[in-house]
Amino acid sequence: MDDWEDAEWYRDAVIYEVSVRTFMDGDGDGIGDFAGLTARLDHLADLGVTAIWLLPFYPSPLRDDGYDIADYTSVHPDYGDLAQVRSFIAEAHRRGLRVITELVLNHTSDQHAWFQRARRAPPGSAHRNWYVWSDTPDRYRDARIIFRDFEDSNWSWDDVAGAWFWHRFYSHQPDLNFDEPRVGRALLDIVDFWLEAGVDGLRLDAIPYLYEREGTSSENLPETHGFIRQLRRHVDEHFPGRMLLAEANQWPQDAVAYFGAGDECHMAFHFPLMPRLYMALGLADRQPILDILARTPDLPASAQWAIFLRNHDELTLEMVSDDERSYMRRRYAPDPRASLNLGIRRRLAPLMDGDRARLELMNGLLFSLPGTPVVYYGDEIGMGDDLDLPDRFGVRTPMQWDAGPNAGFSTAPVEQLCLPVISAGAYGYQAVNVAAQRADPGSLLSWMKRLIALRKDHPGFGRGSLRFLEPAEPAVLAYLREHDGEVLLVVANLSPQPLQTALPLGDHAGSALVDLLTATGLPPVGTDLYPLHLAGHGFRWLRLEDGPA
Ligand code: GLC
């Protein structure tokens with residue numbers, strides 16, 4: 001399904017997250033750019049994804065890889081210019097691909113003209129008030145520190161202003177002050193700028209932290225939701241059909257608040273589900289997934305979760321208990337260099353020990369659990385990570401296109417590359433690259449293409465209801481997705497051992513079963529428990545079809 005006119009297009013989407021900087025270098029300077037990205041749109045169209053989420057590409061000192069924005073309505077010269085962004089959007093649209101960009105509302109770079117003006121403006125003046133200042137670093141003590149490996153306070157001293165300023169992330173990222181109404185208006189102008197340029201959706205970065213209030217955690221405050229409602233009204237009025245996606249790393253009951261009553265964001269990431277997919281696999285037990293989805297409230301009618309296995313950040317372990325975090329670290333980050341802040345800075349393939357069955361299983365869940373799947377660039381070919389790089393750069397290395405110099409990413413001399421390509425070991429570009437996998441029908445890339453195509457053929461995966469079956473074996477995760485008369489059944493074996501399960505499908509007695517991945521029929525459903533064999537880490541996508549009356 002890809003109905004360009006459908007205002008709820010995001011519910012059927014398959015989103016591909018990409019960094020312009022490390023995808024493809026079009027001008028040979030060692031840095032990815034819009035020319036390169038545009039030239040590689042066919043890879044994305046061929047993969048079958050329907051929307052491209054671009055990491056920040058604006059002018060920036062790049063001390064947080066571009067999330068430190070110095071100018072919201074222009075393009076970092078490394079990546080090209082506005083004309084090239086416009087042509088990228090047009091070329092993406094021509095191929096039926098939507099474009100989602102970043103809207104970083106919470107903070108700017110300290111190099112932004114607004115901050116430069118604020119720090120020099122008289123205390124108490126309107127210009128000073130664009131940011132959050134204080135005479136003491138003692139306010140808002142109940143707000144946690146997010147980048148705890150790098151910062152020990154949310155306040156930093158500014159010599160120019162002679163005052164402390166507030167920042168939830170790096171100290172070079174001062175938080176904007178949403179109590180100053182001009183800030184909100186300036187940000188709506190930026191929204192207009194990009195939506196007029198044809199952008200289809202905006203990811204609202206770090207959205208829970210817009211306001212701060214004494215005696216609270218300064219997260220998820222009613223004032224923050226008020227601003228999002230204002231933003232949504234503005235978008236609906238001027239740009240109907242465009243989408244807002246909340247990045248709110250919160251427990252389900254707090255994350256769901258970002259949909260409001262259908263009057264805030266259209267989408268929000270389901271952060272707590274993500275680590276539980278890894279836990280369920282590691283423990284060969286479906287319970288972590290069942291528990292978190294049981295704790296997940298129903299959504300307003302047109303709302304949709306965005307679900308993911310990995311992204312450009314560390315695999316965050318904020319939304320788990322201390323015991324669960326210790327388990328995740330023992331199981332998935334035995335090398336201490338892999339831990340960062342509260343999470344794990346590794347890519348999907350190494351997390352799965354390069355094991356094909358587990359990679360397929362995890363993607364099989366990503367593409368069939370409720371929500372819109374988000375694939376992180378490079379994970380479609382099983383790229384690895386580089387723990388020698390600092391911060392989160394180890395999971396942001398250049399895309400591996402072929403076995404030629406620099407993995408086909410750039411024609412620049414190797415020492416000029418913005419980040420080193422992974423060039424040794426099992427994940428080196430000689431072994432893992434797009435060209436080789438495109439030529440191989442048995443490759444992970446070819447398999448991902450088939451999975452994505454199947455997902456798009458069956459809108460129930462994006463829109464269907466969810467009902468878990470609970471067979472006797474804890475390692476079996478089984479659920480029904482129903483939509484518009486179609487019944488889909490997903491059955492996954494979370495354990496490495498093959499097993500035989502028996503599913504309570506009595507409600508559907510008389511139905512025929514078709515295996516969607518192999519396009520073969522199975523014996524019809526009877527009134528007894530339905531026996532099904534699963535390979536170790538195997539999974540099936542089945543469709544129940546009404547039998548003869
Ligand atoms: C979000 C981004 C992350 C960035 C942070 C601060 O969490 O995903 O990469 O560092 O916001 O902007």
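We use all heavy atoms of the structure for the numbers below, so side chains are in, but hydrogens, waters and symmetry mates are not. Atoms within a ligand are numbered from 1 in the order they appear, just like the ligands themselves.
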Open item on the list: List ligand 1 atoms under 4.0 Å from Glu247, heavy atoms only on the residue side.
Closed with: 1 (C), 7 (O), 8 (O)
Open item on the list: If you take the nearest heavy atom of each of Ile146, Asp64, Asp65, which one is closest to atom 6 (C) of ligand 1?
Closed with: Asp64
Task: ligand 1 contact on Arg396 by region, counting heavy-atom pairs under 4.0 Å - done: side chain
Task: Atoms in ligand 1 flagged as close to Arg392, the criterion being non-hydrogen separation under 4.0 Å - done: 3 (C), 4 (C), 9 (O), 10 (O)
TODO: Assess Tyr170 for proximity to ligand 1: is some non-hydrogen atom of it under 4.0 Å away?
DONE: no
Task: Cation-aromatic face contact Arg396/Phe393, 6.0 Å, 45 degrees - done: yes
Task: Shortest protein contact, atom 11 (O) of ligand 1 (heavy atom only) - done: Asp205 OD1, 2.9 Å
Open item on the list: Can you tell me if Arg203 contacts ligand 1 (heavy atom of the residue under 4.0 Å from the ligand)?
Closed with: yes
Task: Full working for side chain to side chain contact (heavy atoms under 4.5 Å, CB included) between Phe259 and Leu244 - done: CA-CA 10 Å; Phe259 298 109; Leu244 299 174; over 6 Å; no
Task: Ring-face cation of Arg139 near Trp166 (centre distance under 6.0 Å, axis angle within 45°) - done: no
- [ ] Give, for atom CG of Asp200 and atom CD1 of Ile89, the distance between the pair rounded to the nearest 0.5 Å.
- [x] 8.0 Å
TODO: Answer side chain, backbone, both or neither: which part of Tyr209 comes under 4.0 Å from ligand 1, heavy atoms only.
DONE: neither
- [ ] May I ask you to check whether His167 and Phe165 place their ring centres under 6.0 Å from each other?
- [x] yes
Open item on the list: Main chain of Arg310, side chain of Asp379: is a donor-acceptor contact present, judged purely on distance under 3.5 Å?
Closed with: no
Task: Atom indices of ligand 1, in the order listed, that fall short of 4.0 Å to a heavy atom of Asp313 - done: 2 (C), 3 (C), 7 (O), 8 (O), 9 (O)
Open item on the list: Suppose I only count heavy atoms of His107 and a 4.0 Å limit; which atoms of ligand 1 are within that range?
Closed with: 6 (C), 12 (O)
TODO: Measure from NZ or CZ of Arg182 to the centre of the six-membered ring of Trp130 and say whether it is under 6.0 Å with the direction within 45° of the ring axis.
DONE: no
